[in-house]
Amino acid sequence: MKFLYEGKAKKVYELDERTCVIYFKDTATAFDATKRAEVEGKGIINNAISSLLFALLEERGIRTHFIKKLSDREMLVWKAKRLDIEVVVRNITAGSLCKRLGLKEGERLKKPLVELFYKKDELHDPLICAEHILMMGLTDAKSLRAIRRTALKVNSILKNFFREHGLLLVDFKLEFGFLPDGTLAVIDEISPDTCRLWDAKTGEKLDKDRFRFDLGDLLEGYKKVLERLQGG
Ligand code: UDP
C-alpha cells in the first residue's frame, strides 16, 4: 500500500485508485496538539466505534466513505476529495461554545446548532460562516445546503442511537468529502475523539474531555462507550 499522509490520530494509505485504508493510531492530542500522549489501545476502540457508527449511518441512508472494517486498527474507505470545512453539531452547551459566548456548560439547546469551522491548522481552525465558505470557494451553495441537511440528519440518528444506549450526545464534529462517483459523503471518523458523550444517568464524561481536563482514564471512558453501543 502507498502511504498517503499521517494525521494526529490516523494514518492513511492508498489501496488502489478508488479506495484507501485508514489506520487508527494510539496518539491522543488536545489544545492544538500542545497536549499529547500515547494511550495504548485507543486506536482499536476508535476504529470499532467509528465502524459501528458509519455502518449505522449507511443503514439509515446517509452516504459515508465507509466500506468495511478490515482489522483491529484498519478501516477500508472510498477515496474522497476532502473539503476544508469542519461541521460541529451541538445539542447541549459545552467546549468552545461556552468559552466563546460565556455560556454555562450542560444547558440543553432548544434545537440543534450547526457551526462551521475552517480546517486550517496554521489558523487554528477558526469559526467561519457560510459567506466565508462561499467567498473562499471551499464549496458551493448547493453542497453547503446538503452538508447542513446531512449534518442535522446524522445528529438525529446518532442522538437517538446513543440515547437508546444510555448516552447523551452533547456535540460532535463531522467532515465531508466527495467520493469517486461524485456523491457528497461523511468522511474521517466518528468516535469519542470527535464527539462529546455523557452518561445519561450520572453525567460522567466518557469522551476526549477526560484527556483534555484530566478527568479520568481515557481508555476506560472509550471502552464504556463501545460496550454500551455493543449492548453490553
Ligand atoms: N472537535 C473535533 N475536532 C476539532 C474540533 C472539535 O473533533 O478539531 C469536536 C470536539 O471533540 C467536540 C466538538 O467537535 O465534540 C465541538 O468541539 P468544540 O468546538 O467545543 O471545541 P473544543 O473545545 O472541544 O476544542
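Indexing begins at 1, ligand by ligand and atom by atom, following the structure's order. We're numbering straight along the sequence, starting at 1.
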Worksheet item: Does NZ belonging to Lys35 count more than 12 external heavy atoms closer than 6.0 Å?
Response: yes
Fill in: salt bridge (Lys or Arg N to Asp or Glu O under 4.0 Å) pairs, two or more places apart, involving residues 79-92
Glu14-Lys79, Arg82-Asp84, Glu86-Lys119, Arg90-Glu115, Arg90-Asp171
Item to complete: Show the protein residues that qualify under the rule heavy atom under 4.0 Å from an atom of ligand 1, listing them in chain and number order.
Response: Glu86, Val88, Arg90, Gly95, Ser96, Asp125, Asp171, Phe172, Lys173, Asp193, Thr194, Cys195, Arg196, Arg212
Worksheet item: Within the side chain of Lys208, is there an N or O that forms a donor-acceptor pair under 3.5 Å with the backbone of Thr194?
Response: no
Worksheet item: So, does Arg210 use its side chain to make a donor-acceptor pair with the main chain of Leu215 at under 3.5 Å?
Response: no
Worksheet item: In this structure, which one of Asp217, Asp207, Asp193, Asp26 forms a salt bridge (Lys or Arg N to Asp or Glu O under 4.0 Å) with Lys42?
Response: Asp193
Fill in: Stepwise side chain to side chain donor-acceptor pair (under 3.5 Å) check, Ser143 with Asp140
CA-CA 5 Å; Ser143 299; Asp140 59 28; 2.8 Å; yes
